[in-house]
Number of protein chains: 2
Amino acid sequence: MKKLSRKERERVIKRDLIIDAALHVMQSKGFEHATMDEIAEAAEIGKGTLYLYFKSKTALYLAISERGSRLLNDQLGKVLLLELPGISLIEKMGFTYLNFIRESPLYFTAFNYFEHIMNEGKMANTPIMEQCEGHAIEAMTYIVRALQIGMQDGSIKKSFDPKELGVIIWGASKGVMHMAFLKNNANHMKILDDIDFDLQSLVSGFIELLRSGMKNDLKS
Amino acid sequence: MKKLSRKERERVIKRDLIIDAALHVMQSKGFEHATMDEIAEAAEIGKGTLYLYFKSKTALYLAISERGSRLLNDQLGKVLLLELPGISLIEKMGFTYLNFIRESPLYFTAFNYFEHIMNEGKMANTPIMEQCEGHAIEAMTYIVRALQIGMQDGSIKKSFDPKELGVIIWGASKGVMHMAFLKNNANHMKILDDIDFDLQSLVSGFIELLRSGMKNDLKS
DNA sequence: TCATAAAAATGACTGATGGTCAATAACTGA
DNA sequence: TCAGTTATTGACCATCAGTCATTTTTATGA
């Protein structure tokens with residue numbers, strides 16, 4: 001029993017090292033220009049071995065996305081523990097997301113890839129895909145919790161259904177963060193170059209919009 | 001002169017037919033699972049000819065995206081002609097976007113692909129890419145115009161910078177529409193299946209959020 | 001310690017596909 | 001009709017994801 005456990009631990013560690021290597025290769029070669037041969041070489045293993053750990057290139061990408069959303073969720077989860085009005089929790093989550101993207105743009109690229117292949121229907125019902133979906137549900141739940149807290153403490157008006165509002169905020173946030181990401185990373189996208197703004201103010205503006213959109217009007 | 005013009009017209013028509021064929025293949029095979037051989041066969045031309053019209057598969061995808069955003073922009077442009085308060089223009093644009101996605105999900109997939117490859121930096125400075133960027137700027141400008149109109153007529157508060165708010169709304173809209181798209185298309189994405197909502201109400205909710213977030217408070 | 005079996009690792013190989021180009025067909029104007 | 005120009009073609013090439021027969025390493029037990 002102990003022996004098996006040790007093997008399994010070693011396997012997990014090695015798996016993680018492979019993901020590290022993959023990220024490293026992608027950093028220099030670009031996300032989808034990285035080849036499995038290069039990744040195997042970077043991880044100092046044979047190509048066949050790589051396929052023992054990840055059944056396909058897509059599965060490897062998903063594993064990266066999985067790790068990324070796990071890291072992000074850890075941070076989002078901690079925000080929920082703070083003693084703050086719901087609306088401030090939403091705000092903090094927004095900036096947490098922004099900082100994550102700034103520090104780990106590669107993971108953000110992986111997120112997008114995850115959604116892209118989910119669209120295509122590939123990898124449906126595989127364990128790694130289930131994990132990724134689980135993380136997505138978790139992130140979504142954090143937002144809904146914050147909304148519920150806000151509706152309790154009066155900082156967010158109750159006219160919205162929290163779950164539907166959660167989907168809206170989740171989607172809208174990703175879209176805005178994507179803009180911020182483009183502004184930060186792509187040297188293309190002239191439209192964003194022309195407009196002078198920084199990420200912080202973009203996200204601040206977005207959150208301000210949400211804040212006043214969700215604000216309890218205190219009328220009656 | 002006349003002859004050259006006729007040739008060019010024929011070329012444009014043929015190019016359009018190829019795009020039609022490509023869309024047809026993608027409809028059945030999935031967006032990126034469509035091969036250039038299949039597309040050539042569907043267009044009833046040789047593979048080499050296909051490459052005379054589109055320098056790469058990516059260029060072909062971009063051409064699809066270009067056509068899609070041109071069609072969408074036509075509709076958005078018409079909204080701006082309506083005699084309505086700015087806030088209502090924004091609302092109409094939102095539903096225009098939603099309907100477009102519902103009717104032409106393939107173009108929406110192409111939009112996403114366009115952004116994806118813009119990220120990767122491929123195709124930078126090619127004519128087709130410039131065109132796509134031009135369309136993006138145009139769409140963005142429609143939003144900013146509507147915001148400016150709203151600030152003039154008092155339906156939108158003036159505390160935001162219209163351009164920055166434009167980027168925010170543009171990004172947020174795309175994110176929310178993407179959620180709607182996932183809900184509508186993917187039979188995966190359990191999280192969205194669990195939550196009971198329809199596209200109309202999701203987008204309505206989003207617009208309601210924007211509306212009250214941007215509303216002129218009429219205080220002073 | 002050695003022998004044997006089981007498990008892990010490997011990289012040469014295959015198939016699929018994006019992209020090229022020399023050869024061919026079609027067209028044009030005299 | 002014919003020379004020259006332009007358009008079209010599909011056989012061919014290079015790349016890369018994914019496979020599998022073989023080799024290497026590890027575990028077991030006498």
Side-chain angles (χ1 to χ4, degrees), chain A residues 1-19 21-22 25-26 28-64 110 113 116-117 120 122-123 126 128-129, chain B residues 1-19 21-22 25-26 28-64 110 113 116-117 120-123 126 128:
Chain A
M1 204 56 176
K2 183 111 184 275
K3 190 165 45 183
L4 186 70
S5 172
R6 199 206 75 211
K7 284 241 175 144
E8 283 192 339
R9 266 182 288 128
E10 283 179 352
R11 194 180 161 80
V12 169
I13 290 169
K14 193 159 184 179
R15 203 187 108 104
D16 242 48
L17 289 174
I18 293 173
I19 295 179
V25 173
M26 287 171 193
S28 56
K29 297 262 176 176
F31 189 67
E32 53 187 10
H33 210 258
T35 70
M36 292 301 263
D37 289 82
E38 280 174 315
I39 292 167
E41 193 182 5
E44 294 176 271
I45 57 174
K47 190 179 183 176
T49 312
L50 178 54
Y51 275 86
L52 290 177
Y53 283 81
F54 300 96
K55 279 200 275 295
S56 68
K57 193 179 183 183
T58 301
L60 175 55
Y61 284 159
L62 277 187
I64 290 169
Y113 190 76
H116 186 248
I117 61 180
E120 295 276 312
K122 281 180 202 165
M123 305 294 295
T126 57
I128 183 71
M129 191 51 137
Chain B
M1 206 57 175
K2 183 115 185 271
K3 189 165 51 185
L4 187 70
S5 170
R6 199 206 74 210
K7 285 243 173 141
E8 283 192 340
R9 266 183 289 126
E10 282 179 353
R11 193 180 161 81
V12 169
I13 290 170
K14 194 158 183 179
R15 203 188 108 104
D16 242 48
L17 288 174
I18 293 173
I19 295 179
V25 173
M26 286 170 193
S28 57
K29 297 262 177 176
F31 189 67
E32 54 187 10
H33 209 259
T35 71
M36 291 302 262
D37 289 82
E38 281 173 315
I39 293 167
E41 194 182 4
E44 296 177 88
I45 57 174
K47 191 179 180 176
T49 311
L50 178 54
Y51 275 87
L52 289 177
Y53 283 81
F54 300 96
K55 277 199 277 295
S56 66
K57 192 179 183 183
T58 301
L60 176 54
Y61 284 160
L62 277 188
I64 291 169
Y113 190 75
H116 186 248
I117 62 181
E120 295 275 313
K122 280 179 203 166
M123 306 293 297
T126 58
I128 182 71

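Treat the numbers as computed from the prediction; the structure is a model and nothing was measured.
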Roughly, in whole Å, what's the span from [atom1] in [X] to [atom2] in [N]?
X	N	atom1	atom2	answer
B/Asp37	D/dA11	CG	P	11 Å
B/Lys47	D/dT8	NZ	P	17 Å
B/Glu32	C/dA16	CD	P	18 Å
B/Ile39	C/dT17	CD1	P	12 Å
B/Glu41	C/dT17	CD	P	13 Å
B/His33	D/dA17	NE2	P	15 Å
A/Met36	C/dG11	CE	C1'	15 Å
B/Leu50	C/dG19	CG	P	10 Å

query = Looking for any heavy atom pair under 4.0 Å, which part of the strands does A/Ala40 touch: base, sugar-phosphate only, or nothing?
reply = nothing
message = Going by side chain to side chain contact (heavy atoms under 4.5 Å, CB included), name the residues that satisfy it together with B/Leu50, two or more places apart in sequence or in a different chain.
response = B/Ile18, B/Met36, B/Ile39, B/Ala40, B/Ile45, B/Phe54
query = Any idea which of C/dG18, D/dC16, D/dT19 is nearest the A/Thr35 side chain?
reply = D/dC16
Sub-3.5 Å pairs of nitrogen or oxygen atoms, protein against nucleotides 5-9 of chain C:
unit_1: C/dA9; atom_1: OP1; unit_2: A/Lys14; atom_2: NZ; d: 2.8

ask   = A/Tyr61 side chain to A/Phe31 main-chain N or O, any donor-acceptor pair under 3.5 Å?
value = yes
I'd like to check [X] versus [Y] (side-chain heavy atoms, cut-off strictly below 4.5 Å). Are they in contact?
X	Y	answer
B/Ile13	B/Glu10	no
A/Tyr113	A/Thr58	yes
B/Ser56	B/Lys122	no
B/Ile64	B/Met26	yes

ask   = Are A/Lys57 and D/dA17 close enough that a side-chain N or O sits under 4.0 Å from OP1 or OP2?
value = yes
query = Counting only distance, no hydrogens or angles, is the base of D/dG18 paired donor-acceptor with the side chain of A/Lys55 under 3.5 Å?
reply = no
key: Sequence neighbours excluded - salt bridge (Lys or Arg N to Asp or Glu O under 4.0 Å) pairs with any residue from residues 36-46 of chain B   = B/Lys29-B/Glu38, B/Asp37-B/Lys47
